[in-house]
Participant: 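Here it is, the structure, as structure tokens.
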Amino acid sequence: MAPTDLTADQANARLHELTVIDVRTPGEYASGHLPGAHNVPLDHLDTALPALKTASGRGDLLVVCASGARSAQACRRLADHGITAATLTGGTTAWTQLGHDTHRPVGTRTPWAMDRQVRLAAGTLVLTGLIAGQRWSAARWLSGGVAGGLVFSALTDTCGMAKILAKLPGNQPKTADLDATLAALTG
């Protein structure tokens, strides 16, 4: 079976023999993904378990996200269901920094990456709290709450705001796309 972690160079050398599962949102996936990667957003991983189990029976799985945090979480969830998978150390960020090829669907608009969406939402909430705090002092708690959430996010390597933003319609897969992906994994 595949090791727990693969560097971008190790994954690139073995790409032809790996089934790559990209657990980012469809928008992030569309902005550039590893060649041949299948998009199964982390929020839909449980739905994809039977297809992923079938795919893992044919060869090693490599789970990918932007930084490696979500893919590590996905690998733990897969392991809980008896599915062994490796994660790409440093995610697609490390992959592209090393100059490895990425694919983008033709004719699609490049959506914002999740980290950019989080920065916009957090910044907007902090600024709103500060501006509204000029009139209503209790509104400053909004800024404090977001700041606390960001500190917690950094300490735990999780992001509640990203989980919320991932549920927005633009970050959800079209049912037909997810069905096609699951069919490709089982076929």
Participant: Any salt bridge (Lys or Arg N to Asp or Glu O under 4.0 Å) pairs touching residues 31-57, not counting sequence neighbours?
Facilitator: Asp43-Lys167, Asp46-Arg77

Participant: Please say yes or no: joined through hydrophobic side-chain contacts below 4.5 Å, possibly via intermediate residues, are Tyr29 and Leu182 part of one cluster?
Facilitator: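 Different clusters.
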
Participant: Hey, what do you get for CG (Asp60) to OG1 (Thr19), rounding to the nearest 0.5 Å?
Facilitator: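 Between Asp60 CG and Thr19 OG1, I get 8.5 Å after rounding to 0.5 Å.
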
Participant: Ignoring hydrogens and geometry, is there a side-chain-to-backbone donor-acceptor pair from His38 to Thr181 under 3.5 Å?
Facilitator: no

Participant: Could you tell me whether a side-chain N or O of Asn39 sits under 3.5 Å from a main-chain N or O of Arg24, the two making a donor and an acceptor?
Facilitator: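 Yes; judged by distance alone, with no hydrogens or angles, the pair exists.
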
Participant: Quick one, Leu78 and Leu52 - any side-chain contact, counting heavy atoms below 4.5 Å?
Facilitator: yes

Participant: Counting only N and O atoms by type, is there a donor-acceptor contact under 3.5 Å from the side chain of Glu17 to the main-chain atoms of Arg14?
Facilitator: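 Pair absent, no side-chain N/O of Glu17 close to backbone of Arg14.
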
Participant: Please determine if Arg76 and Asp80 form a salt bridge, counting it only when a charged side-chain N lies under 4.0 Å from a carboxylate O.
Facilitator: no

Participant: Would Val23 and Val64 satisfy side-chain contact (heavy atoms from CB on, under 4.5 Å), going step by step from the backbone distance to the final call?
Facilitator: CA-CA 6 Å; Val23 295; Val64 178; over 6 Å; no

Participant: So, Glu28 versus Thr25: side-chain donor-acceptor pair below 3.5 Å or not?
Facilitator: yes

Participant: Got a second to check how far Leu125's CG is from Leu120's CG, nearest 0.5 Å?
Facilitator: 9.0 Å

Participant: Output the distance between atom CZ (Arg119) and atom OG1 (Thr124), rounded to the nearest 0.5 Å.
Facilitator: 12.0 Å

Participant: For Ile83 and Leu61, run side-chain contact (heavy atoms from CB on, under 4.5 Å): C-alpha distance rounded to whole Å, both residues' side-chain angles, the deciding distance at 0.1 Å, then the answer.
Facilitator: CA-CA 9 Å; Ile83 303 169; Leu61 297 181; 3.7 Å; yes

Participant: Do the side chains of Leu142 and Ile131 join up, straight or via other hydrophobic residues, at under 4.5 Å, putting them in one cluster?
Facilitator: no

Participant: Can you tell me how far CG of Leu88 sits from SG of Cys65, rounded to the nearest 0.5 angstrom?
Facilitator: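 So the SG of Cys65 and the CG of Leu88 are separated by 8.0 Å.
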
Participant: Restricting to non-hydrogen atoms, name the atom on Ala132 and the atom on Ala139 that form the minimum distance, rounded to 0.1 Å.
Facilitator: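 Minimum heavy-atom contact is CB-CB, 3.6 Å.
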
Participant: Might you point out which heavy atoms bring Ala11 and Leu18 nearest each other, and give the distance in Å?
Facilitator: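 Taking Ala11 first and Leu18 second, the nearest heavy atoms are O-CD1, 4.1 Å.
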
Participant: At what distance, to the nearest 0.5 angstrom, does NE2 of His44 lie from CG of Leu178?
Facilitator: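 Reported value, rounded in 0.5 Å steps: 6.5 Å.
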
Participant: Which heavy atom of Ser71 sits nearest a heavy atom of Val63, and at what distance?
Facilitator: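 Smallest interatomic distance, heavy atoms only, reads CB-O, 3.3 Å.
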
Participant: Side-chain heavy atoms under 4.5 angstrom apart, residues restricted to Ile, Leu, Val, Met, Phe, Trp, Tyr: same cluster for Met161 and Leu130?
Facilitator: yes

Participant: Residues two or more places apart in sequence or in another chain: which of them pass side chain to side chain donor-acceptor pair (under 3.5 Å) with Thr54?
Facilitator: none

Participant: Is there side-chain contact between Val118 and Leu165, with at least one heavy-atom pair below 4.5 Å?
Facilitator: yes

Participant: Within the distance-only criterion (no hydrogens, no angle test), does the side chain of Ser67 pair as donor or acceptor with the backbone N or O of Gly90 below 3.5 angstrom?
Facilitator: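 Flag not set: sc Ser67 to bb Gly90 has no pair under 3.5 Å.
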
Participant: Assess whether side-chain contact (heavy atoms from CB on, under 4.5 Å) is satisfied between Ile21 and Leu62, documenting all intermediate values.
Facilitator: CA-CA 6 Å; Ile21 308 300; Leu62 175 65; over 6 Å; no

Participant: Check whether any side-chain heavy atom of Gln117 sits under 4.5 Å from a side-chain heavy atom of Asp115, and report yes or no.
Facilitator: no

Participant: Step by step, would you call Leu45 with Leu42 a side-chain contact (heavy atoms from CB on, under 4.5 Å)?
Facilitator: CA-CA 5 Å; Leu45 196 64; Leu42 188 59; 4.1 Å; yes

Participant: Please report the shortest heavy-atom distance between Ala30 and Arg104, naming the atom on each side.
Facilitator: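 That closest heavy-atom pairing would be O-CG, 3.7 Å.
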
Participant: Count I, L, V, M, F, W, Y as connected when their side-chain heavy atoms are under 4.5 Å apart, and connections chain through other members. Are Met114 and Ile164 then in the same cluster?
Facilitator: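 No.
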
Participant: For the backbone of Gly149 and the side chain of Ser153, can you confirm whether one donor and one acceptor N or O come within less than 3.5 Å of each other?
Facilitator: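 The answer is no, because no donor-acceptor pair under 3.5 Å joins these two groups.
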
Participant: Check the surroundings of atom CZ in Arg58: do more than 12 heavy atoms from other residues, nucleotides or ligands lie under 6.0 Å from it?
Facilitator: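 Enclosed.
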
Participant: Could you measure the distance from the CD atom of Gln97 to the OG1 atom of Thr92? Nearest 0.5 Å is fine.
Facilitator: 9.5 Å

Participant: In terms of ring plane angle, is the pair His100 and Trp95 parallel, tilted or perpendicular, where the classes change at 30° and 60°?
Facilitator: tilted

Participant: Which heavy atom of Ala85 sits nearest to which heavy atom of Cys75, and what is that distance?
Facilitator: O-SG, 3.6 Å

Participant: Would you say the side-chain atoms of Asp22 pair up with the backbone N or O of Ala37, donor to acceptor, closer than 3.5 Å?
Facilitator: no

Participant: Tracing side-chain links under 4.5 Å among I, L, V, M, F, W and Y, which residues wind up in one group with Val151?
Facilitator: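 Under the 4.5 Å side-chain rule, Val151 groups with Leu155.
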
